[in-house]
K.L.:
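Following this message is one structure expressed as structure tokens.
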Protein chains: 2
Amino acid sequence: MRTKDKILQEALHQFNTIGTDQVSIRSIADAVGISAGNLAYHFKNTDAIIHQLYLNLVEALDSEVQQIQESLVDMQYLLEATQRTYRALYEYRFLMIDFVAICRRIPAIKTHFSELMGMRQQQFLLIFKYLQSEGWLRHDLDEQAYAAFAEIIIIFSNAWLADAVIRQQPENAEQQVAHYRQLFIQLFIPYLTQEGLQQFQQLITD
Amino acid sequence: MRTKDKILQEALHQFNTIGTDQVSIRSIADAVGISAGNLAYHFKNTDAIIHQLYLNLVEALDSEVQQIQESLVDMQYLLEATQRTYRALYEYRFLMIDFVAICRRIPAIKTHFSELMGMRQQQFLLIFKYLQSEGWLRHDLDEQAYAAFAEIIIIFSNAWLADAVIRQQPENAEQQVAHYRQLFIQLFIPYLTQEGLQQFQQLITD
DNA sequence: TAGTAATTAGTACATTTGTTCTAAAATCAC
DNA sequence: GTGATTTTAGAACAAATGTACTAATTACTA
């Protein structure tokens, strides 16, 4: 494995474990078994490492996002995409957990993420429209309600990782992801029609 | 104003503005106009200040919590209590925004908050039961669904302040609080019965 | 193989931070 | 007013961190 990748791997591990503010180029260099000077050759500072890891996450998420844009998704795809997205978020969980501090340190991340969330919100609105046209989402709620719902979904999706640290006992990754994916599903339940509910429950039991 | 209060006031301001990790006893002392040695006399370190501010927030929230425990609340009280609670959270927003980092630094806060959230979850379940008995909340969703809903409410309530920093343009406090209180209300909408919806809309338009 | 570029280790320096200590000054109790 | 207590300023110290620089080593290329 290239030194650069070793650094990224160890940095990701330390960020996830002890938090961004406790990690220094020396702590990473020591763990990898290289000198701090060498690390500085690859990454000028920890901010550069964080930025690279952020780009890695975005790349992982982008593949999902593009598929959604290209074709209108059914509910099954939505659930599967959420599973994959949440796993990726978990892998890079320090980014969501320390996000405000990171945005303060690296404004480029804030700008990019802000735009990304704007796009996702629009995507969810399209998905809602499609699910409504199929008769799976309720028609008795107005557009404003669904706009708010999209916002709520985004807030939840950005927040569950921090919640896991604060409120949950430490469990393994799969359990954590499964728990919050279940809550994500629960967000949709009260918006579903009878027909949508049946479709949903069939998918979940699979 | 006592020096101790001046310190707390300035510390709160700096924490909210630039984040916990950028604040030192010296930055606070300089702003207050006292020596670092004097500040250390009142608070051993920044963690001690954070802990005190956390206790202040908890005290502000406790008055709400106790009222809920003593008497079963109606929907109007729920909305008003949310308004007051969200304002208090906004005042001490750095606590929610940097919560994971703070919990790592001060384990006592994590323990206390974890218990507090457990209590709040139980309270919401009681409130749901009451609202159901009044015919305002839907009966066609099972207990598990409402347990998940309570969890979602808590996650949202802890997350909106970070979301405001990340996604929103900087606005004034009242606008921010109003926006997220609106989203809080939207969380309830799809769970309401026809009757509950009418009650709700009447309250909101007031 | 010779030479060039990439990689690595090690060192040094300025800055910041928490922490501790001392002594002066202010306040309070009697 | 006097003595004790509280409050304050200031200095000093160790530890950690980002940063920059040098020289040695390795890898690559022609």
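Values in this document were obtained by computation on a predicted structure and should not be read as measured data. Chain identifiers are assigned alphabetically (A, B, ...) following the order of the sequence lines, protein sequences preceding nucleic acid strands; residue numbering begins at 1 within each chain.
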K.L.:
Start at the 5' end of DNA chain D and walk down; is the nucleotide closest to B:T3 or to B:R26 reached first?
P.N.:
B:T3
K.L.:
Would A:Q52 and A:H42 count as having a side-chain donor-acceptor pair, cut-off 3.5 Å?
P.N.:
no
K.L.:
For C:dT8, does OP1 or OP2 lie under 4.0 Å from any side-chain N or O of A:Y41?
P.N.:
no
K.L.:
Would you indicate, yes or no, if C:dT20 has its OP1 or OP2 atom less than 4.0 angstrom from a side-chain nitrogen or oxygen of B:K44?
P.N.:
yes
K.L.:
If you take the centroid of each ring, where Trp contributes its six-membered ring, are A:F128 and A:F149 closer together than 6.0 Å?
P.N.:
yes
K.L.:
Mind checking the CD1-CZ spacing from A:I28 to A:F15? Nearest 0.5 Å is all I need.
P.N.:
5.0 Å
K.L.:
Figure out the NZ/P separation between B:K4 and D:dT7, and round it to whole Å.
P.N.:
8 Å
K.L.:
Taking CG from B:D21 and P from C:dT16, how many angstroms apart are they, rounded to a whole number?
P.N.:
16 Å
K.L.:
For a quick test of reading the model: is some side-chain N or O of B:N45 closer than 4.0 Å to OP1 or OP2 of C:dT17?
P.N.:
no
K.L.:
Looking just at side-chain N and O atoms, do B:D5 and B:Q9 make a donor-acceptor pair shorter than 3.5 Å?
P.N.:
no
K.L.:
Round to a whole Å and report the spacing from CG of B:L39 to P of C:dT17.
P.N.:
13 Å
K.L.:
Does A:N38 make a side-chain N or O approach to OP1 or OP2 of C:dA9 shorter than 4.0 Å?
P.N.:
yes
K.L.:
Grab the CZ-P distance between A:F43 and D:dT17 for me, whole Å please.
P.N.:
19 Å
K.L.:
Might you point out which heavy atoms bring B:I18 and A:R104 nearest each other, and give the distance in Å?
P.N.:
O-CD, 3.6 Å
K.L.:
Nearest whole angstrom, please: distance from the P of D:dG18 to the CD1 of A:I50.
P.N.:
10 Å
K.L.:
Rounded to the nearest angstrom, tell me the gap between atom CD in B:Q22 and atom P in D:dG18.
P.N.:
12 Å
K.L.:
Give a yes/no on whether any side-chain N or O of B:S24 is located under 4.0 angstrom from OP1 or OP2 of C:dT17.
P.N.:
yes
K.L.:
What is the distance from CZ of B:R2 to P of D:dT7, rounded to the nearest Å?
P.N.:
9 Å
K.L.:
Tell me whether the OP1 or OP2 atom of D:dT6 has a side-chain N or O from B:H42 closer than 4.0 Å.
P.N.:
no
K.L.:
Whole angstroms only, please: what is the CD-C1' distance between B:Q14 and C:dT17?
P.N.:
14 Å
K.L.:
Give A:I34 one of three labels, base, sugar-phosphate or nothing, depending on what nucleic acid heavy atoms sit under 4.0 Å from its own.
P.N.:
sugar-phosphate
